[in-house]
Amino acid sequence: ETGVTQSPTHLIKTRGQQVTLRCSSQSGHNTVSWYQQALGQGPQFIFQYYREEENGRGNFPPRFSGLQFPNYSSELNVNALELDDSALYLCASSPGGTGTNYGYTFGSGTRLTVV
Amino acid sequence: GENVEQHPSTLSVQEGDSAVIKCTYSDSASNYFPWYKQELGKGPQLIIDIRSNVGEKKDQRIAVTLNKTAKHFSLHITETQPEDSAVYFCAASIGGGGADGLTFGKGTHLIIQP
């Protein structure tokens, strides 16, 4: 059984650019969530995808968007990068389906630095 | 929305002693409370969780207690070992998350002194 894998592990972008982060969910998991973790803070919920649709969103602006594919893998896209977007981006998958996040498995994250 | 407060921010204990980390939450509708351990360079790992219909849950050296009336829950680690050193996060959600996801505390850096 493979866990959650994220790519790339590290990324440096310039302010104003766009970035795409990728996530492969754990085998058997059909729900994917994305979190932003600033240095020294707990993760903050960005959004969740189930059956290729966004079914939950935290307090993040529309320039944060995502996709989920038929194989349950997912992408996080961030447009018009700002310095404050520098953080660890975590992907989590769960087997629960819509409305539930029981049994999250997190990936190791992508460290994004915006300069 | 939900707000989770976690204390202390840093906890240092002697190897073999017990460690207790406490969290409070604000939304009385929250009913799922997981705890995560995060080691350097890794993502958070679920170590134990509790649902609001249960007051206590134990798994070997780890236990979690929940007081719904007071809206607080705690993580207890007994017989601490060097490999317990990590950052621990509590979280809360309604129905395990979904539309609102998990709301995390700011974390506790647990240091086990040899």
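Naming: A, B, ... by sequence-line order, numbering from 1 per chain.
No donor-acceptor pair under 3.5 Å is formed between the side chain of A:Tyr35 and the backbone N or O of B:Gly101.
In this structure, no portion of A:Ile46 lies under 4.5 Å from any heavy atom of chain B. Both the backbone and the side chain of B:Pro44 come within less than 4.5 Å of a heavy atom in chain A.
Taking the six-membered ring for Trp and the full ring otherwise, B:Phe104 and A:Phe45 have centroids separated by 6.0 Å or more.
In this structure, CD on A:Gln37 lies 4.5 Å from CZ on B:Phe89, to the nearest 0.5 angstrom. Atom OG of A:Ser94 is separated from atom CG of B:Leu46 by 11.0 Å, given to the nearest 0.5 angstrom. Interatomic distance, CD of A:Gln44 versus CG of B:Leu102, reported as 12.5 Å (0.5 Å rounding). To the nearest 0.5 Å, atoms CD (B:Gln38) and CG (A:Leu90) are separated by 6.5 Å. Distance check, rounded to the nearest 0.5 Å: CG of B:Asp100 to CZ of A:Arg57 gives 13.5 Å.
Ring geometry for B:Tyr36 against A:Phe106 counts as perpendicular: the plane angle is over 60°, on a 0 to 90° scale with 30° as the lower cut.
Within 6.0 Å of CG on A:Leu39 lie no more than 12 heavy atoms contributed by other residues, nucleotides or ligands. Around atom CD1 of A:Ile12, no more than 12 heavy atoms belonging to other residues, nucleotides or ligands sit under 6.0 Å away. For A:Tyr72, the OH atom is loosely surrounded, since the number of other residues' heavy atoms within 6.0 Å does not exceed 12. For CZ of B:Arg61, the number of neighbouring non-hydrogen atoms (other residues, nucleotides, ligands) closer than 6.0 Å is greater than 12. Taking a 6.0 Å sphere around CG of A:Asn71, one finds it holds more than 12 heavy atoms contributed by other residues, nucleotides or ligands. Other residues, nucleotides and ligands place no more than 12 heavy atoms under 6.0 Å from the CZ atom of A:Arg15. A 6.0 Å sphere centred on CD of B:Gln60 holds no more than 12 heavy atoms belonging to other residues, nucleotides or ligands. Around NZ of B:Lys22, the count of heavy atoms belonging to other residues, nucleotides or ligands within 6.0 Å does not exceed 12.
For the pair A:Ser108 and B:Gly41, the tightest heavy-atom approach, listed with the atom from each and the gap, is CB-O, 4.2 Å.
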